[in-house]
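For reference, the structure is listed below as structure tokens.
These values consider heavy atoms only, across backbone and side chains, with no hydrogens, waters or symmetry-generated copies. Each chain gets a letter, A, B and so on, in the order its sequence line appears, and its residues count up from 1.
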Amino acid sequence: MTFGKGCHLHLIDGSAYIFRAYHALPPLTRKSDGLPIGAVAGFCNMLWSQLANNKGDDAPTHIACVFDYSSKTFRDEIYDQYKANRPELPEDLRPQFPLTREATKAFNVACLEMEGYEADDIIATLARQAREAGGEVTIISSDKDLMQLVGNGVEMFDAMKSKRIGVDEVEEKFGVKPDRVIDVQALAGDSVDNVPGAPGIGVKTAALLINEYGDLETLLERAEEIKQPKRRQALIDNADLIRISKRLVTLDDHTPVEWTLDELEVRAPEAEPLMGFLTQMEFRTLTKRVAEALKVEAPAIPEAPAVPVSHDAEEEAPAPDQPPFDHAKYECIRDAGALTRWVDLIRERGYVAVDTETTSLDEMRAELVGISLSVIPGEACYIPLGHKQGGGDLFGSNDLSDGQMGLDEALAILKPVLEDDAILKIGQNMKYDWKIFARQGIQVGPIDDTMLMSYAMHAGQHNHGMDLLSERYLSHKSIEIKSLLGSGKSAITFDRVPIDEAVKYAAEDADITLRLWQAFKPNLHRVQVTTVYETLERPLVPVLADMEMAGIRVDGQVLSRMSNTFAQKMAGLEAEIQEIAGQPFNVGSPKQLGEILFDTMGVEGGQKGKTGAYATGADVLEDITTLEDVNPDAAKLAATVLDWRQLSKLKSTYTDALQTAINPDTGRVHTSYSIAGASTGRLASTDPNLQNIPVRTEEGRRIREAFIAGPGMRLVSLDYSQIELRILAHVADIPQLKQAFRDGIDIHAMTASEMFNVPVEGMDPMVRRQAKAINFGVIYGISGFGLARNLRIPRAEAQGFIDRYFERFPGIKDYMEATVAFAKENGFVQTLFGRKIHTPEINAKGPHAGFARRAAINAPIQGAAADVIRRAMIRMPAAIADLPATMLLQVHDELLFEVEEGAVDKLIATARDVMEGAAHPAVHLDVPLVVDAGQGANWAEAH
DNA sequence: TGCGTCACG
DNA sequence: GACGTACGTGACGCAC
């Protein structure tokens with residue numbers, strides 16, 4: 001049949017459907033061998049229902065499925081940043097591409113792809129040819145980039161939503177008729193495809209402008225006439241970029257296609273190859289449906305899972321229906337027989353939610369009190385092991401309560417399960433339980449962690465504690481631990497909780513954890529954070545647990561001596577301060593200090609905060625010290641208070657507190673890292689915080705001398721040099737910065753040289769300092785005010801620097817604007833490694849907006865640096881397994897090791913390789929990562 | 001418990 | 001045109 005009038009061509013945007021199917025469906029795998037086939041399944045369902053629906057008047061006479069051939073197209077020649085923001089292809093999607101081609105052929109549909117062209121261009125070309133031949137065209141896609149083709153006998157159809165997209169729908173989306181869509185797209189840009197567009201102009205403004213001026217060229221020619229100064233300038237400054245953008249979004253409808261329309265004539269599916277393919281994929285439901293339609297016998301497929309219905313991409317599915325929480329259904333396990341029955345149930349299921357109850361939040365001192373388990377929502381058990389008699393009063397005895405299994409007996413039964421490779425152990429904050437079990441000689445694995453799942457999906461939206469997650473995702477308010485233990489001074493430990501109460505609380509925790517896991521698991525794929533969870537979060541659990549258990553040796557006597565010295569010096573300063581003030585007062589009280597300085601001594605310009613007290617922060621006091629001529633007493637007082645404050649801080653937060661943090665059993669300090677604390681992906685160290693040990697002042701740095709290596713050992717410190725700036729240079733693609741890092745030259749001096757046209761050789765240190773401040777400012781989402789305050793220069797001058805900087809490095813400004821635009825559109829930003837950080841405040845009005853904006857700019861940079869060191873840490877244990885060395889601490893861009901003296905050089909070489917190569921192979925950075933190393937008997941020497 | 005302050009990257 | 005601002009943390013002491 002020759003294509004012509006009366007013919008109807010269907011063009012299926014195959015690549016788009018693969019992605020949509022992948023993200024919409026849970027991670028299906030072929031049962032027989034685990035091959036990922038979720039996207040193929042979704043694609044086949046779509047294709048089949050498309051073919052099955054093609055009956056009646058509207059039925060196509062010709063049909064083709066069009067695919068992208070490769071990522072490189074002619075658009076990369078026009079603009080090297082095109083689609084540069086695209087996240088890496090998920091590992092489990094790539095192998096599905098060839099299968100979708102096979103599927104298309106199995107359904108007897110023409111399968112089209114062409115090197116160097118996107119599917120969209122082929123679609124545009126065929127659509128044009130079909131129209132010229134007098135036929136009708138339906139494009140099966142919902143991609144907005146295809147909407148420019150709609151009209152004059154061409155329409156689109158969203159197969160997932162079963163929705164027709166015609167001229168009206170396009171106009172609704174873009175605010176203009178289809179023939180002007182490319183103008184709007186050129187102006188508005190596209191953060192997903194990285195089409196630049198005009199900064200500050202979105203679809204709405206673009207449509208407004210196009211409708212007013214008619215078309216893009218007229219608009220650009222008459223840009224001077226635009227009233228709003230920002231828009232006017234954006235258009236004038238970016239005219240070239242806008243024209244490039246237009247070329248990027250304009251589809252090429254004259255691609256040299258190798259097929260004639262006649263070749264695309266609809267062909268009935270042939271039963272044999274189609275059934276063969278579907279059975280091979282083990283799609284049971286679809287095989288049956290297709291077999292019925294083709295009136296053939298469906299071949300038997302052993303035990304294949306049904307193909308689930310699809311959901312909208314990117315959206316989390318609600319928690320599945322669940323039984324109510326019923327505390328009466330929880331079982332208390334008191335003997336080996338009952339526990340063995342649970343173990344059988346666990347083995348049958350292949351997974352179990354586990355929770356431990358202990359006497360302390362400090363895992364290194366905590367005693368195991370009981371264990372709870374759950375494998376079916378609503379059903380859970382608690383195994384009391386260390387409950388003591390006599391309740392919470394002081395006279396409770398230390399004898400164990402009756403009716404408990406022996407600890408060793410219970411653990412002997414559980415150990416094989418907890419260590420079984422075939423049984424998944426699910427926990428909420430598994431690092432805690434992992435350590436408790438590790439101290440009992442049990443290496444728990446493999447694991448899943450609901451807290452980390454939530455973190456991967458919801459960072460920036462809320463915290464990830466169990467109580468919050470339960471309420472938010474299960475609509476269930478969990479029993480508060482306070483109701484069992486009390487609070488404050490009279491609080492008891494869990495071993496004093498009566499067993500029947502403990503059962504309800506503890507079993508509920510396991511029940512909740514299991515339900516959260518079932519709710520979260522399929523959503524990881526929908527939100528596209530499976531890789532983040534599996535490569536950056538979950539594997540960190542055992543690594544951090546080992547580091548925390550190792551601890552770092554701290555010399556309490558050194559700290560004690562320092563505390564005494566500080567106390568003496570402080571007493572002297574305090575006397576001096578009271579003398580100047582002419583009255584005794586509490587130097588540690590900012591309120592009293594403020595009143596003395598600003599009311600009694602008459603210093604002017606005191607600023608009151610929201611509590612009505614004067615601000616007396618270091619910056620305020622430093623300003624007062626410059627008033628020597630006006631108010632010498634106040635200047636002296638402020639200076640002395642600053643000294644006192646420094647000592648007070650060092651003593652209370654470090655030399656005193658660290659002594660009490662030394663574990664008497666190990667003689668070492670064991671911090672705890674929260675994996676899901678910081679929204680950007682950074683770790684946070686608590687109890688004690690070992691990530692803020694002083695280093696910037698000489699006096700403070702001496703505290704690091706108390707952090708020592710064991711006998712015959714050394715401490716080795718490796719830290720990334722300028723990692724955030726390097727990442728900025730890469731993501732914002734700044735040629736000068738990238739080259740400077742490749743050449744290994746001083747980055748701040750280079751910046752100064754570019755900005756002020758001075759040679760790097762013999763540079764004024766002040767000029768370099770200013771450039772350094774700007775480089776850091778950029779990472780933080782720079783503002784004139786902030787830079788001015790940091791450099792103590794007038795605001796106008798600071799703004800001048802920033803303008804100059806943006807002029808020299810326009811890519812930085814583009815990056816910042818693109819990031820903010822992305823956040824506004826999506827509600828999150830992303831790191832190079834796919835980590836999502838939500839920015840719920842980004843569309844807020846008022847002062848909030850500034851914070852959110854800067855946080856959004858900073859998050860992908862800080863977050864990518866955090867991802868890099870996480871990757872290094874995860875690989876480190878295997879890399880140094882043969883060395884007599886232990887990884888002890890992480891301080892954001894630094895790793896601290898303890899190693900036998902003879903192996904220092906080997907460790908440095910090995911660990912440096914791991915750290916410098918940590919981005920590979922997920923991301924290829926355009927700049928090298930460089931790691932500096934040091935070693936010594938203590939942390940001060942090593943750093 | 002909230003705030004101010006200050007230690008780190 | 002004014003608003004207020006560098007990003008991300010945790011721990012301490014004071015004052016309520």
Side-chain angles (χ1 to χ4, degrees), chain A residues 459-460 487-488 585-594 607-621 641-642 644-658 660-661 671-674 677-697 699-701 703-704 719-725 728 773-791 795 798 802 829 837 839 845-863 865-866 869 889-894 943:
Chain A
S487 66
F585 73 102
N586 185 347
V587 183
S589 162
K591 183 165 175 272
Q592 296 179 31
L593 174 66
Q607 300 270 333
K608 290 197 175 180
K610 57 181 91 171
T611 53
Y614 289 108
T616 64
D619 50 343
V620 176
L621 295 188
V641 169
L642 281 171
W644 182 91
R645 282 226 182 122
Q646 199 203 352
L647 296 176
S648 165
K649 179 77 175 182
L650 296 179
K651 182 170 184 295
S652 67
T653 308
Y654 301 104
T655 57
D656 286 355
L658 278 173
T660 68
T671 185
S672 178
Y673 290 99
S674 47
S679 61
T680 53
R682 273 197 179 179
L683 301 178
S685 161
T686 64
D687 308 304
N689 182 353
L690 295 186
Q691 288 181 320
N692 71 346
I693 304 302
V695 70
R696 290 174 187 171
T697 66
E699 204 152 24
R701 187 157 53 238
I703 291 171
R704 295 190 173 216
D719 69 289
Y720 284 106
S721 160
Q722 310 281 14
I723 185 165
E724 292 190 349
L725 267 181
L728 175 71
I774 296 174
N775 276 334
F776 275 103
V778 165
I779 293 171
Y780 297 149
I782 201 158
S783 75
F785 183 93
L787 183 66
R789 205 174 62 167
N790 188 281
L791 284 175
R795 193 172 157 174
I802 294 171
V829 291
I837 299 119
T839 56
K845 295 270 174 247
H848 273 46
F851 282 108
R853 191 190 129 80
R854 292 191 297 271
I857 291 169
N858 174 259
I861 302 168
Q862 189 182 111
I869 197 164
L889 300 179
Q890 188 249 42
V891 192
H892 308 308
D893 64 359
E894 172 189 5
H943 187 78

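Between A:H943 and A:E894 there is a side-chain heavy-atom pair separated by less than 4.5 Å. Considering only heavy atoms from C-beta on, A:I693 comes within 4.5 Å of A:L658 through its side chain.
Of the candidates C:dA11, C:dT5, B:dT5, the closest approach to any side-chain atom of A:T686 belongs to C:dA11. Nearest nucleotide to the side chain of A:R854, out of C:dT5, C:dG8, C:dC14: C:dT5. With B:dC8, B:dC6, B:dT5 as the candidates, the nucleotide lying closest to the side chain of A:A618 is B:dC6. Among the nucleotides B:dA7, B:dG9, B:dC6, the one closest to the side chain of A:R696 is B:dG9.
For the pair A:L725 CG and B:dG9 C1', the interatomic distance rounds to 13 Å; values are reported in whole Å. We find that CG of A:D656 is positioned 11 Å from C1' of C:dC12, with the value rounded to whole Å. Atom CD1 of A:I774 and atom C1' of C:dC7 are 17 Å apart (whole Å).
A cation-pi contact, defined as under 6.0 Å to the ring centre and within 45° of the axis, is absent between A:R853 and A:F851.
Of all nucleotides present, none satisfies the Watson-Crick or G-U wobble test against C:dA2 with each distance under 3.5 Å. With a 3.5 Å ceiling on both atom-pair distances, the Watson-Crick or G-U wobble partner of C:dC14 is B:dG2.
Of the P atoms belonging to B:dG4 and C:dA6, the separation is 14 Å, rounded to the nearest Å.
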